[in-house]
**Q** 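First, the structure itself, so that you have it in front of you.
Order of the sequence lines sets the chain letters (A, B, ...), proteins ahead of strands, with each chain counted from 1.
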Amino acid sequence: MVAITMQFTLYLVLLLNIYNSFVSALYFHIGETEKKCFIEEIPDETMIIGNYRTQLYDKQKEEYLPATQGLGMFVEVKDPDEKVILSRQYGSEGRFIFTSHTPGEHQICLHSNSSKFALFAGGMLRVHFTIQVGENTNNYAEIAAKDKLSELQLRVRQLMEQVDQVQKEKNYQRYREERFRQTSESTNQRVLWWCIVQTLILVAIGFWQMRHLKSFFEIMVDVDDRNDWKECIDFGGVRLPTGYYFGASAATGDLSDNHDIISMKMYQLMVEHTPEEDNQDWTKIEPSVSLLKSPKDNIDEHAPHWLEGLPASSVCSAGNRGVRRSWYR
Amino acid sequence: MLAWFVLLCAQLMFGWVRASELTFELPDNAKQCFYEDITIGTKCTLEFQVVTGGHYDVDCRLEDPDGTVLYKEMKKQYDSFTFTASRNGTFKFCFSNEFSTFTHKTVYFDFQVGDDPPLFPNENRVTALTQMESACVSIHEALKSVIDYQTHFRLREAQGRSRAEDLNTRVAFWSIGEAFILLVVSISQVVLLRSFFSDKKTTTTRVGS
């Protein structure tokens, strides 16, 4: 009988101890629709106990009183992969426990679920909140009572728990360091690739610009003789040999018609030649347009000097006479 | 049994001592305050560190129940402040990110009130601890500081990792952006130069027929 009473009082005192942890903890204010999140970066297989207690501001008495029954808090816990591992609604006072299975940043979010907005009436809710992690979750008094440990044994048990926590944290540190190293190596690789790619782009663009700017070819047409020149064709990368002729041809389909070519003017824009360009034989250049396939076969025929060098810009005006033939068939 | 009973009652009588360690996210232009009821004469320590975000700094302010500012620092990355409560009441400490326009910060703080609760209340008993017990106590204290250092190291590592990941993203965006700009600039250079040679209206003077 005495033993039972003693045991009862023992557990009562234990409960009072637990209650005491609620009574005066750190607290903060939270608005009605506000969600407060806390982050806990923990290794795997670590237990976390969270205790909270809410109080509502009473305007009449101008103090914070324990909240009414209708007011509860919604607790949501997310693991490092954004997966929800705990999502429950508790009353105005609650205690939640969870164990992590993956190491990393866990997010614990609280928000009130007030169904009646009048309860808040623009005031704030006071939330007393504590989180105990890992070794601190152990209630040594309870363990001692359950396993019937002597003082020394309890101390050693506490040391074992602490060492266990240190070990878990060290393992987590190794995992974190690997992630860090991967990120650094990825940055390093990206910088290296980008340098190479950028150099290649610069060199290619340089070559292209030089070739393109030195060799563009433009034909403008003034059909009605009104001094209004319209662009007929304009493209770059043209390479033409010297000593050839320009010709003009026309086609009218089924009807026959006359086209008069009144004049054809050629203009040459002088550019600087590189020494190797000067040394090459301008009469022997294969006519080509960069990026385009030659539409007709080139037939080699003897040609006097008529044009010199590149680039050329040609202007031609046409009337209603036919032209018999062009050079390139 | 009786010993346990006495032990637990004594523990209650000693009053509750506690440490609160939390990591929370502070959005831009926001201020977050925490309150704690402290009895007179208790030695307390507030320690905080900014883990991620912007320039890794935050404003911190600690006030006593009268409103007297005990500690105020602007744009600090980490700090530790110890004080003894001069009176009973609610002490308030606030972290502010109001100077930042778009970065939100993750702040870790550790508010220790009083010393850690002893495992047994008979620390103060008349007879001295045995050698084993005192060895255990010293190991316990050493392990506590090890865990403390580990926490600090973890926070530093998180800060470093956050910077490294920021750098990685920035390098990726910048290299793509710059390659694109290079191409655009070079093509527009060519187009512009060619436009110098395109003269739509040419004035020609006709001589003869």
Side-chain angles (χ1 to χ4, degrees), chain A residues 3 6 9-10 13-14 16-17 20-21 23-29 36-41 130-131 140-141 144-145 151-152 154-156 158-159 162-163 165-166 169 173 176-177 179-180 183-184 186-187 190-191 194 197-198 201-202 205 209 212-213 216 218 227-229 231 269 313 315, chain B residues 1-2 4-5 7-9 11-12 16 18 20-25 32-37 106 111 119-120 122 130 132-133 136-137 139-140 143-144 146-147 150 153-154 157-158 160-161 164-165 167-168 171-172 175 178-179 182-183 186 189-190 193-194 197-204:
Chain A
M6 286 296 280
T9 41
L10 181 77
V13 171
L14 259 173
L16 280 172
N17 265 330
N20 221 356
S21 72
V23 169
S24 38
L26 189 79
Y27 64 84
F28 56 90
H29 294 139
K36 273 275 180 286
C37 288
F38 298 95
I39 300 167
E40 284 296 329
E41 196 174 351
T130 50
I131 295 182
Y140 289 106
E151 284 176 21
L152 196 60
L154 188 66
R155 280 190 196 281
V156 171
Q158 188 188 38
L159 292 176
Q162 274 190 310
V163 168
Q165 186 175 351
V166 169
E169 187 85 29
Q173 189 195 321
R176 277 192 329 259
E177 190 271 337
R179 260 185 66 187
F180 194 169
T183 307
S184 297
S186 156
T187 307
R190 278 184 196 179
V191 169
W194 173 72
V197 166
Q198 196 192 28
I201 287 178
L202 272 174
I205 281 175
Q209 275 189 335
H212 191 86
L213 283 175
F216 60 87
E218 192 175 356
N227 214 18
D228 178 19
W229 297 96
E231 192 181 282
L269 306 167
S313 157
V315 160
Chain B
M1 230 1 144
L2 185 67
W4 289 118
F5 179 69
L7 143 82
L8 288 168
C9 281
Q11 196 171 20
L12 264 180
W16 212 249
R18 56 222 167 250
S20 313
E21 192 183 72
L22 289 175
T23 314
F24 64 97
E25 197 170 286
Q32 178 68 37
C33 292
F34 294 90
Y35 310 81
E36 179 105 40
D37 297 321
T106 310
F111 192 60
L119 201 55
F120 312 99
N122 43 17
T130 66
M132 286 289 284
E133 282 172 356
C136 283
V137 166
I139 295 175
H140 175 65
L143 282 174
K144 260 201 326 209
V146 166
I147 291 174
Q150 269 190 331
F153 186 77
R154 171 169 56 81
E157 190 271 340
R161 189 161 29 97
E165 280 168 4
L167 183 65
N168 201 8
V171 164
S175 51
E178 196 174 328
L182 260 180
L183 286 169
S186 61
Q189 264 182 345
V190 169
L193 274 173
R194 288 186 46 181
F197 297 115
S198 303
D199 195 6
K200 304 285 183 199
K201 285 237 184 268
T202 56
T203 49
T204 43

**Q** With a 4.5 angstrom heavy-atom cut-off, is it the side chain or the backbone of B:Val171 that approaches chain A, or both, or neither?
**A** side chain
**Q** If I measure from the heavy atoms of chain A, does B:Cys136 come under 4.5 Å with its side chain, its backbone, both, or neither?
**A** both
**Q** OG1/B:Thr106 to CD/A:Glu41 distance, rounded to the nearest 0.5 angstrom?
**A** 10.5 Å
**Q** Once side chain to side chain contact (heavy atoms under 4.5 Å, CB included) is applied, do any residues pair with A:Glu169, and if so which ones, sequence neighbours excluded?
**A** A:Pro43, A:Tyr172, A:Arg176, B:Gln150, B:Arg154
**Q** Side chain, backbone, both or neither: which part of A:Ile39 has an atom under 4.5 Å from a heavy atom of chain B?
**A** both
**Q** CZ/B:Phe34 to CD/B:Gln32 distance, rounded to the nearest 0.5 angstrom?
**A** 4.5 Å
**Q** Is A:Leu159 in contact with chain B via its backbone, its side chain, both, or neither, using a 4.5 Å heavy-atom distance?
**A**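 Contact with chain B is through both the backbone and side chain of A:Leu159.
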**Q** In terms of heavy-atom proximity below 4.5 Å to chain A, should B:Glu21 be classed as side chain, backbone, both, or neither?
**A** backbone
**Q** If I measure from the heavy atoms of chain A, does B:Leu193 come under 4.5 Å with its side chain, its backbone, both, or neither?
**A** side chain
**Q** If I compare all heavy atoms of A:Leu154 with all of A:Tyr140, which pair ends up nearest, and what's the gap?
**A**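 Scanning both residues, the minimum pair turns out to be CD1-O, 3.7 Å.
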**Q** Under 4.0 Å between a side-chain nitrogen and a carboxylate oxygen: does that hold for B:Glu157 and B:Arg161?
**A** yes
**Q** Let's test your reading of the structure: which of B:Ser175, B:Gly160, B:Ala172 forms the most heavy-atom pairs below 4.5 Å with chain A?
**A** B:Ser175
**Q** According to ring-ring contact (aromatic ring centres under 6.0 Å, His included), who are the partners of B:Phe111, at least two apart in sequence or on a separate chain?
**A** B:Phe93
**Q** Determine the minimum heavy-atom distance between A:Phe28 and B:Tyr35, stating which atoms define it.
**A** CA-CD1, 4.2 Å
**Q** Quick check on A:Gln173 against chain B: is it the side chain, the backbone, both or neither that has a heavy atom closer than 4.5 Å?
**A** side chain
**Q** Please classify the contact between B:Ser20 and chain A as side chain, backbone, both or neither, with a heavy-atom cut-off of under 4.5 Å.
**A** side chain
